[in-house]
Amino acid sequence: MTDAAEATDTVEQREVRLGKRQRLLEQGEAYPVGVPVTTTIGSLRERFPELEPDTRTGERAGVAGRVVHLRNTGKLCFAALQSGDGSRIQAMVALDSVGDTSLADFKALVDLGDQLFVAGDVITSRRGELSIQVDEWRIAAKALLPLPNLHSELSEETRVRSRYLDLIVRPEARRMVHARAAAVSSLRATFARRGFIELETPMLQTQQGGASARPFRTASRAYDTDLFLRIAPELFLKRAAVGGLERIFEINRNFRDENPDATHSPEFAMLEAYEAYSDYQGMADLTQELVQQSALAAGGSEQIEWFDGTRFDVGGTWDRISMYPSLSEASGIEITPETPLSELVALTDRLEIEVPHPIRGKYVEELWEHFVKKTLERPTFVMDFPVDTSPLVRDHRSIPGVVEKWDLYVHGFELATGYSELADPVIQRQRFVEQAALAAQGDPEAMRIDEDFLRALEFGLPPTGGMGMGIDRLLMVLTGENIRETILFPLVK
RNA sequence: GGGCCUCUAGCUCAGUCGGUAGAGCAAGGGACUUUUAAUCCCUGGGUCGUGGGUUCGAGCCCCACGGGGCCCA
């Protein structure tokens with residue numbers, strides 16, 4: 001075994017790089033406070049898109065980026081620098097331009113993954129690659145750990161656990177971040193155009209409410225009380241509506257202690273909006289506009305192109321179908337709000353559909369999902385839900401037994417929901433009492449009686465339309481990716 | 001909550017019938033002034049998730065636990 005081999009025998013890659021850091025510190029800095037950049041890699045790429053090979057622009061530039069390729073030859077070294085937006089430029093470090101010492105240092109001290117500053121003339125190589133003919137370079141930040149190999153996909157676990165590496169290595173990860181930012185910013189712009197203001201309502205709540213879901217529990221020492229992380233902001237936003245805030249929305253996190261899957265994350269970003277003197281039809285109009293504007297902002301078109309190349313069209317006016325008639329048509333069996341529970345039970349048994357919460361409306365919803373959901377190709381509002389699964393929604397103005405609620409289905413999952421809000425405090429109390437009975441039977445997702453909210457309703461909620469939309473799911477629609485990819489840092493144990 | 005799959009080098013993965021550990025990239029030494037996953041020569045790197053069991057012998061078979069994924073409820 002040679003001396004060199006013996007030396008590396010016990011030395012991990014990190015140890016080697018720690019040694020290089022030490023050498024950098026001895027002759028200067030390994031983590032300087034700044035480097036004199038004059039421009040960005042992206043703007044150089046934009047300004048010099050297609051130069052002939054062997055062009056000398058005569059322009060000098062200083063840029064910094066992460067070293068993502070390194071090819072050291074005898075007297076001429078090549079490094080590809082990548083900036084945060086993914087744009088790259090080649091640095092050419094030649095003996096003629098930097099001299100013996102600097103070239104030797106470059107070979108000895110620069111590793112894949114380092115943050116590197118280079119300055120020199122902007123040229124193209126003989127192969128036509130846009131490059132900096134380096135006459136000055138310095139380490140902008142020494143990397144101690146090696147970058148993952150750039151030629152195979154990161155495993156899903158590594159992607160999620162080390163998203164910073166994912167962002168360096170995978171363009172789709174960067175695209176997702178920007179698509180999300182653009183979509184959320186577009187939602188806020190659409191609301192602003194329509195005269196809505198953004199509120200922030202409590203995340204820590206003394207009582208679970210606003211949705212049917214199992215909450216996370218926590219506690220306050222100072223208040224000496226149990227608390228819930230919110231499962232929905234609805235009851236607070238409606239209190240605000242009672243107070244006269246007529247056009248409001250909130251974009252914030254909800255938390256639900258449920259099994260995660262491709263469309264469910266324990267913490268997820270939610271949009272809710274309420275508009276006085278609107279109703280569920282008006283909120284459907286608003287929702288369509290919100291989604292279409294987001295598609296334009298994130299991808300430039302209502303004809304979305306997903307990351308995998310699939311096309312998905314969210315343009316035009318979306319269909320509005322009614323739950324009971326669409327179910328009757330698809331199943332060939334007449335099903336109405338009057339259909340007895342026994343018939344619904346017999347039907348689901350025959351089809352071997354499991355119904356988790358055995359109330360009449362749940363059977364109808366499960367049957368609807370069985371028969372109709374898969375047949376929807378375009379974004380579709382499914383209107384007029386059973387009353388007993390929708391405790392916060394007002395009865396339909398003309399059809400008995402259903403409520404003025406829609407779910408928006410896009411690409412097989414529920415993207416949004418909208419209501420004509422229940423404003424009658426007496427009926428709202430009855431609905432809460434029914435829910436409390438379910439809770440007493442052990443249903444952890446059932447709503448609880450919220451006396452403070454009922455008191456607010458007794459002061460008079462104007463006729464109001466409301467809608468809610470999952471932001472992560474909106475990004476799934478805009479990108480075609482799994483919910484965990486839409487969230488920068490999803491929960492991992 | 002139930003079922004199935006998975007965990008091997010820094011990263012991504014192979015590993016046959018149970019016989020003592022492999023590749024590519026990355027890393028160390030050397031050569032190279034136009035490379036594009038550079039090339040060429042040489043070299044090092046492993047508690048095979050953890051703990052138990054079976055066996056002369058376990059990465060491989062069995063059990064438990066843990067991480068991750070998929071499907072179902």
Side-chain angles (χ1 to χ4, degrees), chain A residues 1-20 51-56 66-82 88-100 102-104 106-114 123-134 143-162 164-166 168-170 214 257-265 348 352-358 362 366 369-370 442-445 482-485 490-493:
Chain A
M1 201 182 276
T2 66
D3 286 356
E6 238 164 67
T8 52
D9 199 1
T10 51
V11 174
E12 296 289 314
Q13 296 191 39
R14 183 164 176 276
E15 308 289 339
V16 173
R17 289 171 177 230
L18 276 170
K20 295 178 181 179
L51 294 180
E52 293 295 308
D54 251 337
T55 305
R56 318 198 73 82
R66 189 179 296 278
V67 178
V68 290
H69 287 294
L70 199 54
R71 286 176 284 275
N72 287 348
T73 68
K75 300 185 179 63
L76 175 62
C77 298
F78 301 89
L81 302 190
Q82 176 178 294
R88 293 181 181 181
I89 196 163
Q90 176 167 271
M92 293 169 65
V93 184
L95 178 64
D96 298 346
S97 310
V98 298
D100 286 337
S102 177
L103 182 70
F106 186 88
K107 289 198 213 178
L109 297 175
V110 176
D111 286 307
L112 269 179
D114 289 351
I123 64 164
T124 57
S125 70
R126 279 181 207 165
R127 297 292 182 84
E129 186 74 38
L130 187 66
S131 307
I132 305 284
Q133 178 70 56
V134 176
L144 298 182
L145 290 172
L147 230 40
N149 119 45
L150 293 156
H151 314 299
S152 52
E153 295 239 305
L154 287 179
S155 67
E156 182 160 4
E157 190 172 356
T158 309
R159 282 216 302 271
V160 168
R161 284 194 191 276
S162 304
Y164 44 90
L165 292 179
D166 193 29
I168 294 166
V169 158
R170 197 168 57 101
R214 185 195 297 257
D257 191 4
E258 290 164 349
N259 288 343
D261 61 26
T263 59
H264 293 84
S265 170
T348 51
E352 293 179 353
I353 299 170
E354 304 252 6
V355 180
H357 301 276
K362 260 296 170 201
E366 293 291 332
E369 288 193 15
H370 176 82
D443 183 347
E445 299 187 357
N482 184 295
I483 197 167
R484 278 161 70 87
E485 297 299 337
L491 180 66
V492 269
K493 267 172 92 175

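Letters A, B, ... are given to chains in the order of the sequence lines, protein chains preceding strands, and every chain is numbered from 1. Heavy-atom basis, side chains included; hydrogens, waters and symmetry copies ignored. The structure presented is a predicted model; accordingly, all values stated were derived computationally and were not measured.
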*Asks:* Can you identify which nucleotide, out of B:rU34, B:rU12, B:rC32, has its nearest atom closest to the A:R126 side chain?
*Replies:*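 That would be B:rU34.
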*Asks:* Ignoring backbone atoms, test whether A:K107 places a side-chain nitrogen or oxygen under 4.0 Å from the OP1 or OP2 oxygen of B:rC32.
*Replies:*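 No, no such contact exists.
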*Asks:* Sort out for me which residue in A:V134, A:I123, A:I132 forms a side chain to side chain contact (heavy atoms under 4.5 Å, CB included) with A:M92.
*Replies:*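 Answer to the side chain to side chain contact (heavy atoms under 4.5 Å, CB included) test with A:M92 among A:V134, A:I123, A:I132: A:I123.
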*Asks:* Should B:rG57 form a Watson-Crick or G-U wobble pair with both distances under 3.5 Å, which nucleotide is its partner?
*Replies:*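 Pairing partner: none.
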*Asks:* Check every strand shown and say whether A:E153 touches a base, only sugar-phosphate, or nothing at a heavy-atom separation below 4.0 Å.
*Replies:*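 The residue A:E153 makes sugar-phosphate contact but no base contact.
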*Asks:* Report yes if a side-chain nitrogen or oxygen of A:T158 is closer than 4.0 Å to either non-bridging phosphate oxygen (OP1 or OP2) of B:rU12; otherwise report no.
*Replies:*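 Indeed, a polar side-chain atom of A:T158 lies that close.
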*Asks:* Is any side-chain nitrogen or oxygen of A:H69 closer than 4.0 Å to OP1 or OP2 of B:rA38?
*Replies:*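 Affirmative; the distance criterion is met.
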*Asks:* In whole angstrom, give me the gap between the C1' atoms of B:rG18 and B:rC61.
*Replies:*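 Their C1' atoms lie roughly 8 Å apart.
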*Asks:* With nearest nucleotides of RNA chain B determined for A:Q133 and A:R17 from heavy-atom distances, which residue corresponds to the more 5′ nucleotide?
*Replies:*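 Closer to the 5' end of RNA chain B: A:R17.
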*Asks:* Between B:rU36, B:rA27, B:rG10, spot the one nearest the side chain of A:N149, thanks.
*Replies:*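 Nearest to the side chain of A:N149 among the choices is B:rG10.
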*Asks:* Students often get this wrong, so: under 4.0 angstrom with heavy atoms, is A:L150 touching a base, only sugar-phosphate, or nothing?
*Replies:*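 Touches nothing.
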*Asks:* Show me the protein contacts with nucleotides 68-73 of chain B, counting only N or O atoms at under 3.5 Å.
*Replies:*
unit_1 : atom_1 : unit_2 : atom_2 : d
B:rG68 : OP1    : A:K493 : N      : 3.1
B:rG68 : O4'    : A:E157 : OE1    : 3.3
B:rG69 : OP1    : A:R484 : NE     : 3.2
B:rG69 : OP1    : A:R484 : NH1    : 3.2
B:rG69 : OP1    : A:R484 : NH2    : 2.4
B:rA73 : O3'    : A:E354 : OE1    : 3.3
B:rA73 : N1     : A:N259 : ND2    : 2.7

*Asks:* Touch check for A:S155, heavy atoms < 4.0 angstrom, all strands: base, sugar-phosphate only, or nothing?
*Replies:*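 Sugar-phosphate, no base atom in range.
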*Asks:* Name the closest nucleotide to the A:L76 side chain, picking from B:rA27, B:rU12, B:rU33.
*Replies:*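 Minimum distance to the A:L76 side chain belongs to B:rU33.
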*Asks:* Suppose we screen for salt bridge (Lys or Arg N to Asp or Glu O under 4.0 Å). Which residues come up paired with A:R88, at least two apart in sequence or across chains?
*Replies:*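 If we apply the salt bridge (Lys or Arg N to Asp or Glu O under 4.0 Å) test to A:R88, skipping adjacent residues, there are no hits.
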*Asks:* Taking only the C1' atom of each, what is the distance from B:rC7 to B:rU50 in whole angstrom?
*Replies:*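 That atom pair is separated by 11 Å.
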*Asks:* By nearest atom, which of the nucleotides B:rU34, B:rU12, B:rA27 is closest to the A:M92 side chain?
*Replies:*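 Nucleotide nearest to A:M92's side chain: B:rU34.
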*Asks:* Counting any heavy atom closer than 4.0 Å, what does A:D54 reach on the DNA or RNA strands: base, sugar-phosphate only, or nothing?
*Replies:*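 Here A:D54 touches no strand at all.
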*Asks:* Nearest to the side chain of A:L154, heavy atoms from C-beta on, is which of B:rC11, B:rG28, B:rA26?
*Replies:*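 In terms of side-chain proximity for A:L154, the closest of B:rC11, B:rG28, B:rA26 is B:rC11.
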*Asks:* Does A:T348 have any side-chain hydrogen bond (donor to acceptor under 3.5 Å, both in side chains) partners at least two apart in sequence or in another chain, and if so, which?
*Replies:*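 With sequence neighbours excluded, A:T348 shows a side-chain hydrogen bond (donor to acceptor under 3.5 Å, both in side chains) to no residue whatsoever.
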